[in-house]
Amino acid sequence: IAGITQAPTSQILAAGRRMTLRCTQDMRHNAMYWYRQDLGLGLRLIHYSNTAGTTGKGEVPDGYSVSRANTDDFPLTLASAVPSQTSVYFCASSATEDQPQHFGDGTRLSIL
Amino acid sequence: QKEVEQDPGPLSVPEGAIVSLNCTYSNSAFQYFMWYRQYSRKGPELLMYTYSSGNKEDGRFTAQVDKSSKYISLFIRDSQPSDSATYLCAMEDNNAGNMLTFGGGTRLMVKP
C-alpha cells in the first residue's frame, strides 16, 4: 500500500541522547515535511524539503536537523534531546510544494 | 491571538445529525484551505481541499469558504459513529511557500 512509513512508532528517550526519526514515502513526492503535534498548540512545522538535496526551516526548527539525500527518505534528528521535545511527530509529503500534504501515522516520543 | 482559531469541542451529536465545524482566521493572505480528519493515534487524513470562496461537495462532506469574513466551515450530513474523530482545518499562504497553518482541531463524537 502506497504511503508514508514512520519509525519507530513510539520511543522513550533519556534527555541528552541523540535520536533520529525515520520517514520514508513511496509515492515519489517531491516535497516532504516534519511536524510536531502538541495538545493546545496543534500541528507546527519543524522543517521541510521541496526537493531532494534542499531543506528549509519551519516554525519551530531549533533543536532539530533534517537531511534529504534522496526523494524517498527524510530523517529528523534530535542531536541532544530535551524534555520539551516530548511530542508526537508527523512526517508528511506532497507531490509538489503547492499540492495537498499527506501524513504518516506519527512517532510518539517521550523525553525523560 | 492565533492566526487560525478553531473551537476544540468536544462536539457531541446523535447519529444522522448534520454537523457544522468552523474555523476563523486573521491572515488575509491565506489562499488554500484544507480539512483533515484525525482518528486517535493516527495521522491526519486529507478530507477536502479548496482555494476559492464558495462551496465544494464530496459525498456527505461540504466545505465552505468565505474569504470576505475569513471563515471556513465543514458540514457533515447524515453523520455516522465512524465520523467520530478530531477535525483539523489548515490554511496556506501562497506567499509563504508550502507552510500550512493549522487550527487546534475540534473533537467530534457521533453517538449511535
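Both backbone and side-chain heavy atoms feed into the values below; hydrogens, waters and symmetry mates do not. Numbered from 1 within each chain, the chains take letters A, B, ... in sequence-line order.
- Atom CZ of residue Phe102(B) and atom CG of residue Leu41(A) lie 14.0 Å apart, to the nearest 0.5 angstrom.
- Side chains of Gln101(A) and Tyr36(B) form a contact here, defined as non-hydrogen atoms less than 4.5 Å apart.
- For chain B, the nearby parts of Leu43(A) are the backbone and the side chain; heavy atoms of each come within less than 4.5 Å.
- Proximity to chain A involves both the backbone and the side chain of Pro44(B), based on heavy atoms less than 4.5 angstrom apart.
- Connection of Leu100(B) to Tyr48(A) is established within a shared hydrophobic cluster, with ILVMFWY side chains joined at heavy-atom distances below 4.5 Å, either directly or through further cluster members.
- Looking at Asp105(A), its side chain does come within 3.5 Å of a backbone N or O of Gly43(B) through a donor-acceptor pair.
- Neither the backbone nor the side chain of Tyr39(B) comes within less than 4.5 Å of any heavy atom in chain A.
- Looking at Leu88(B), the atoms closer than 4.5 Å to chain A (heavy atoms on both sides) all sit in the side chain, from C-beta outward.
- Only the side chain of Arg108(A) comes within contact range of chain B, judged by heavy atoms closer than 4.5 Å.
- Counting heavy atoms from C-beta on, the side chains of Tyr32(B) and Asp98(A) never come closer than 4.5 Å.
- Counting heavy atoms from C-beta outward, Gln38(B) and Phe90(A) have side chains that approach closer than 4.5 Å.
- Each of Tyr33(A) and Ile46(A) belongs to its own hydrophobic cluster when Ile, Leu, Val, Met, Phe, Trp and Tyr are linked at side-chain heavy-atom distances under 4.5 angstrom.
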